[in-house]
Amino acid sequence: MKSKNYIIVAGCSRFGANIASMLSKEGKDVIIIDKDKDSFRKLSNDFTGFKIEGNAADIEVLIEGRIEYAGTVVAATGDDNVNIMISEIAKIIFNVEKVVSRLYDFDKEIVYKDFDISTIYPAKLTVNEFEKLIEKDDDNYEKEKKGKFIKEILNSRLKWGEVR
Amino acid sequence: MKVVVIGGGKATEYLLKSLNEKKHNIVFINNDYDYCKNISKKYNVQALCGDGSKEYILEEADINKEDIVIAMTNKDSDNLVICQLAKKIYEVGRTFAIVSNPKNVDVFKKLGVDRVISSAYIVAELIEQVTTINEIHNCIPIEDGNIKILELLIKESYYINGKLLKDIYLSDEAIIGFIVRGSKSIIPNGNTRININDKLIILSSSNESEKIISNIVEGKKSEEEI
């Protein structure tokens with residue numbers, strides 16, 4: 001009875017809300033859970049899924065969200081430990097096929113050892129992005145330097161030409 | 001062997017006090033600096049300030065395999081992660097978690113925490129037993145509530161008052177483990193006579209308690225019936 005198109009997003013953070021909105025737009029059945037109903041306004045206007053107000057680490061709230069039918073569960077709350085708890089409940093107790101968890105702290109990855117849970121590390125992604133930007137800047141800098149150098153040579157040649 | 005206690009509040013302090021009296025080597029972890037200082041002074045324990053669900057804090061507490069980790073913060077998810085980190089990184093054999101949501105007892109067990117205690121669950125069970133069955137003085141559920149320790153005070157009108165233990169039938173799934181008579185504790189045998197004001201400590205499986213009570217108060221339904 002599990003459905004690939006049935007997705008539970010726990011935590012209506014920016015990340016959670018955007019993912020939920022995106023999946024909803026793609027025509028998936030999305031349930032979003034957050035303990036604060038004000039955070040649901042981060043969802044886009046055309047979000048058509050269900051919203052549940054409650055603590056997503058409470059197994060009863062997950063059951064209310066019909067987690068037994070979910071093909072994917074995304075743990076996107078702002079608290080690593082809560083995300084870990086949700087992911088493990090989804091994977092181990094309800095045997096959800098795809099579980100994605102956001103983790104800020106690399107050190108906690110070890111608790112997912114032996115479990116098939118995918119992780120997103122915002123900190124790691126930020127660092128990667130930063131490196132890319134820096135490299136790009138470096139490239140630009142190199143190019144600029146080269147540009148200047150060529151110009152100088154040209155200039156000096158021109159001058160030399162003039163003299164000649 | 002060390003006992004690492006993570007948490008705060010009245011229950012934690014009570015535990016620290018009692019562990020301290022038994023001369024255990026205790027490390028206390030809490031993320032409030034002033035509270036740590038206070039506890040450290042009050043109970044003379046080693047206190048560590050930080051988030052107990054972070055690996056480097058547990059590292060600092062120098063946890064070993066044979067230690068005991070007790071997670072009793074007020075957030076169930078934190079307690080889960082503390083116990084799992086202790087288990088997976090330091091291979092701690094005995095991890096305990098206190099949960100505020102009674103439903104999490106089952107959840108935590110399935111996720112590999114050795115012992116899970118929910119005070120709400122225990123208190124509710126106790127209140128239910130003590131209020132609904134007059135005769136029970138006290139009731140402690142053990143083994144996830146499958147087994148109970150009952151405490152009963154013998155009154156004059158009870159059927160078993162004045163009888164020898166060998167003449168009494170309680171249930172196939174119960175045993176009188178102890179008789180408290182005044183300040184004396186007696187380990188009963190078949191020839192022990194039950195007197196008025198004796199306190200019986202009975203170990204039984206949990207769904208037998210009503211039958212036991214009725215056998216004690218009204219007398220045994222003859223064995224043929226059973």
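Every chain is numbered from 1, with letters handed out A, B, ... down the list of sequences.
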If one checks every heavy atom of Leu85(B) against chain A at 4.5 Å, the contacting part turns out to be both

Cut-off 4.5 Å, heavy atoms of chain B, and the answer for Ile110(A) is both

Looking at Phe115(A), I'd like to know if its CZ atom is crowded, meaning that more than 12 non-hydrogen atoms belonging to other residues, nucleotides or ligands lie closer than 6.0 Å.
yes

### Message
Would you say NZ of Lys2(B) has more than 12 non-hydrogen atoms from neighbouring residues, nucleotides or ligands within 6.0 angstrom?
### Response
yes

Okay, Lys75(B) and chain A: the region with an atom under 4.5 Å from a heavy atom over there is side chain

Comparing Ile89(B), Ile82(B), Val81(B), Leu80(B) against chain A, the one with the most heavy-atom pairs below 4.5 Å turns out to be Val81(B)

Whatever's closer than 4.5 Å to a heavy atom in chain A on Asn101(B) counts as side chain

A quick test of your reading: do over 12 heavy atoms of other residues, nucleotides or ligands sit less than 6.0 Å from NZ of Lys2(A)? yes

Ranked by heavy-atom pairs below 4.5 Å to chain B, first place among Lys113(A), Lys91(A), Glu88(A) goes to Glu88(A)

If one checks every heavy atom of Asp79(A) against chain B at 4.5 Å, the contacting part turns out to be side chain

Looking at side-chain heavy atoms only, is the closest gap between Val217(B) and Tyr159(B) below 4.5 Å? no

For Lys98(A), I'd like to know if atom NZ has over 12 heavy atoms of other residues, nucleotides or ligands within 6.0 Å.
no

Under 4.5 Å to a heavy atom of chain A? For Asn104(B) that would be side chain

- Looking at Phe106(A), does the NZ or CZ of Lys124(A) lie under 6.0 angstrom from its six-membered ring centre and within 45 degrees of the ring axis? yes

Okay, Asp105(A) and chain B: the region with an atom under 4.5 Å from a heavy atom over there is side chain

Counting only heavy atoms not in Lys25(A), do more than 12 sit closer than 6.0 Å to its NZ atom?
no

